[in-house]
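Positions are given from 1 along the sequence. Given the structure is predicted, the values throughout are model-derived calculations rather than measurements.
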Amino acid sequence: MALKKVKGNFERMFDKNLTDLVRGIRNNKDNEAKYIAQCIEEIKLELRQDNINVKCNAVSKLTYIQMLGYDISWAGFNIIEVMSSSKFTCKRVGYLAASQCFHPDSELLMLTTNMVRKDLNSQNQYDAGVALSGLSCFISADLSRDLSNDIMTLMSSTKPYLRMKAVLMMYKVFLRYPEALKPAFPKLKEKLEDPDPGVQSAAVNVICELARKNPKNYLSLAPIFFKLMTTSTNNWMLIKIIKLFGALTPLEPRLGKKLIEPLTNLIHSTSAMSLLYECINTVIAVLISISSGMPNHSASIQLCVQKLRILIEDSDQNLKYLGLLAMSKILKTHPKSVQAHKDLILACLDDKDESIRLRALDLLYGMVSKKNLMEIVKRLLGHMERAEGSTYRDELLYKVIEICSQGSYQYVTNFEWYLTVLVELIQLEANSKHGGVIATQLLDVAIRVQAVREFAVTEMATLLNTFPANVAHWDSCSGTMNEVLYAAGWIVGEFSVFLLDPEDTLKSLLKPRQLPDHIQAVYIHNSLKLLTRMLTKCLEDGNPREIFRLCSLFVDKVTPFASSGNIEVQERSSSALIIIQMLKDELQMVNGGNNEVDLLNDDLSVATNGNGQTGIPVTAEQLIKDFATLFAGDLNPVAPKAQKKVPLPEGLDLHKWINTPPEVSSPSSEGEEDMADLFVASAELHGRSERKKYVEPTGEELEKMREARRMEQNNNPHYLKGSGGSTRNSIKMRNDGCDDIPIAEIALEVPLTVHSTKRSDKYLMDEQKTEKQKKKKTIVKSAKKTHKSKHKINYSSSGSESDEPKQLHVVNTLIEMPEGASMSDPDDNEKGVDLNDPHRALDIDLEVPSVKEEVRRKTEKSTKSSNLIVSHEEEQNSSKKPKKEKSRKGHKKSDQSHDLLGFAKEDGSVDEKKHAGEKIKRKKESKKAKKSDKEKITDHTTKKKLELKLGYEEAAGISTPSKEFA
């Protein structure tokens, strides 16, 4: 045996340890995978040996290899074997490997239950500590159930090291096995007053994490936490406690009144920025919760805003971000306090860090008013021109729209200005991903604001002509700005009454160009609306010639779209062509079809029928009127959830088949052949793929193609146009004597400056002019008043400055909803409940006894009642009254516990409460006196009966359980 040990130790001298493995991996960078595969083979040989130290060395190397991304799950049994070693050094390596390799769903964990329990009950505190540390990484529901009692006993250990680890470990147990929370909570509550600060901090951490999702269950611990907050000097523990108070104050507003003073003292005194930030957050939460029942805490708010300004002005980007984040919370309840720092927030838009710029944009959303909306949007548009990066520019664009559209456009006073801003955004960001957002805004404003429809139609008509039509803009990767054409086409067709040149707009809608299919379908549909409007006007004028011309124009333009590859475009164009062709056929037949009249003949001025009226057939006239009724009336906006709120008719089952589905059967070979040649013969399809004939275009076709390409280049604003000559001549002209031209400076008396003013800036300048005129008028009025009465004080000037501009256009807020549905109906999808959240199972009322405790109490009561054989009436009289007293005492205790931290009652109607309290006391005293007399009589009778009964039992030799235990 000794020789075998010496031989084993001698062989170990040549084994690779962890240091050799790391050194070898670094030396074999080119063949790292090959070297590691070789090392894994050596490790497998080492794991087969009997020496536990060799296995420990192999597991330590496997741990490092696992960190490089290699799978070591095949060594699970060997890891458990090293974990069960009696040596602490090997045990530590085993638990480290288990924490990295095992997970809660591992099948091998069932083998570790007794081994971990043995380590937890070990006399060596470090063995138990290693077991707790490793167990926290791979604990499962079964291990939590089996080991929860052992971990709870460690919470009462005499060693602070184990108590701290056990308290922290219990949090992982609660997540996996929530039933352990109620029996472990009293011990956890005791650890809040533990003499060791580490154990105390661990208990605070666990309770704060438990209360993060379910704070109402821990409201009774508020006095203990308040004591810790006022006495502790540990900043990290204070941060946890202050976070917990921030979650508890919405549940108990009286708690917030008590917290204001210590929190403001901490804000004044602390130098730790993390603690300062949490104090400010909690003060904001407290002021929100007590804002309804307390006077205005302007001093506390101003203090928080001043401290946050220091954070925002700091050079540390993390502090700046946190300052902006907390400022946005204050903005929700106290916007005026934040609006005073508008310049500081606007300066953050020029920060290098994109996250800070985005946070500043969120703040601007809440700082907008009717007065400063145009100014803020102007600053954002200018910032968008200078900004770099498509994602940030997209965010700026979205924020501009969000700022203007908030609250059903409550801050927009001039919608013509807003429409020009939207058009400028389209021109600025041609490749933005928020084209759909701009399109919805254009549609919403045009539908809701009737006074601005004429302006919207003219803007959209120019947009249809000026928007670039090259293929690059229809790439979905480059952006979705082409969606604005959808809105432009719809607005132009729906409100075509306001068009100045409807025929030109009709031609631009039906111009052949490469558009997305859904936009092309909308173009065709709205061109039919536009044509109907033009035909009704011609009908009123009695001009059949113009009607026929417009129908021919429409048919010629729409015919190519009938052969489109998209089914929607094809269907809309085909149906429109059939309708207009019917009208065209009716116009060609005058006087009942006997005499055909060419309405396009120049010699005939006006065609007339037999009655001497205008030569428009009655059927054609009726067709035009029917077309007009199709598109008559205004459309109201529909609520976003209107479709979901439509009630299902009775007897309709959406999950039922309309037609019975065919039986699934295996098709025969003949059927497969028939199905293969159903649409196209397979031989023909194969031949078509093989041969692709190239047809040489003729000279005329080449000339037409060149002319079409030149027209496209001329219409494309992004294509650089050259001179009329060929490229070779232009190159020669560039090279001929260009370098010999001298450069001369032009002396100008007035410096040449180019002003780039936007159309939206004109509305801001007009508003500023009107404000100046108003100020002048108020100054003149105030001067006249002071001239008349010198001794009177005038307040009109300050009031006029605060007046906001009036809204020029009225917004229609009517929304279409189904009958019987309301906007406040709950939606299950919007509850925001995470079904996979483990904290949902921890929502346990700790004051309500569990089922096991209730059963145990009932059994105890039944055993006690069986000891005394007393009459049923006397039992009721003797047992009900103490229960009532206990229940009353319980009510008193609950009232006392509910009155947390010794809060005073509200100061309203004190005298009335005193009088009511005195009356209640008198009634209670009179009732108590009557009850005491009755209880004396009943006690006297029960004593006599008990004495008689006990005497009888002693005489008969009967021993009761109560007497034996006594």
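Phe88 is linked by a ring-ring contact (aromatic ring centres under 6.0 Å, His included) to nothing, counting only residues two or more places apart in sequence or in another chain. Taking the side-chain hydrogen bond (donor to acceptor under 3.5 Å, both in side chains) definition, one finds that Asp71 meets it with Ser73, sequence neighbours left out. Legend: residues meeting ring-ring contact (aromatic ring centres under 6.0 Å, His included) with Tyr70, ordered by chain and number and at least two apart, are absent. Remark: Glu32 engages no residue in a side-chain hydrogen bond (donor to acceptor under 3.5 Å, both in side chains) (not counting sequence neighbours). Taking the ring-ring contact (aromatic ring centres under 6.0 Å, His included) definition, one finds that Tyr218 meets it with Phe185, sequence neighbours left out. Residues satisfying the side-chain hydrogen bond (donor to acceptor under 3.5 Å, both in side chains) test with Lys320, not counting sequence neighbours, are Asp351. Under the rule for a side-chain hydrogen bond (donor to acceptor under 3.5 Å, both in side chains), Lys172 has no partner lying at least two apart in sequence or in another chain. With sequence neighbours left out, the salt bridge (Lys or Arg N to Asp or Glu O under 4.0 Å) criterion links Lys240 to Glu209.
Note that CD1 of Ile207 is 12.0 Å distant from CE of Met170, once rounded to the nearest 0.5 Å. The CG atom of Leu168 sits 11.5 Å away from atom CD1 of Ile151, with the distance rounded to the nearest 0.5 Å. Interatomic distance, OG1 of Thr233 versus CG of Leu238, reported as 7.5 Å (0.5 Å rounding).
Here the side chains of Thr89 and Cys56 are not in contact, with every heavy-atom distance at 4.5 Å or above. Contact check for Leu331 versus Met327: no side-chain heavy atoms found under the 4.5 Å cut-off. Side-chain contact between Thr112 and Leu108 is absent, with no heavy atoms from C-beta onward closer than 4.5 Å. Annotation: side chain of Cys279 is in contact with side chain of Ile242 (closest heavy-atom distance under 4.5 Å). By the 4.5 Å heavy-atom criterion applied to side chains, Val283 and Leu259 are not counted as neighbours. The side-chain heavy atoms of Leu188 and Phe174, taken from C-beta on, include a pair separated by under 4.5 Å. The shortest distance between side-chain heavy atoms of Asp316 and Tyr321 does not fall below 4.5 Å. The shortest side-chain heavy-atom distance between Phe138 and Cys101 does not fall under the 4.5 Å cut-off.
Sorted pairs that involve residues 221-237 and meet salt bridge (Lys or Arg N to Asp or Glu O under 4.0 Å), not counting sequence neighbours, are lacking altogether. Legend: salt bridge (Lys or Arg N to Asp or Glu O under 4.0 Å) pairs involving residues 36-45, not counting sequence neighbours, sorted by first then second residue: Lys16-Glu42. Residue pairs meeting the salt bridge (Lys or Arg N to Asp or Glu O under 4.0 Å) criterion with at least one partner in residues 91-107, sequence neighbours excluded, are Lys91-Asp119. For residues 191-206, the pairs satisfying side chain to side chain donor-acceptor pair (under 3.5 Å) are Arg163-Asp194, with sequence neighbours left out.
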Q.
Walk me through whether Ser133 and Lys165 qualify under side chain to side chain donor-acceptor pair (under 3.5 Å).
A. CA-CA 8 Å; Ser133 300; Lys165 281 186 172 290; 2.8 Å; yes
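Under the side chain to side chain donor-acceptor pair (under 3.5 Å) test applied with Lys55, the options Glu46, Glu81, Gln49 reduce to a single match, Glu81.
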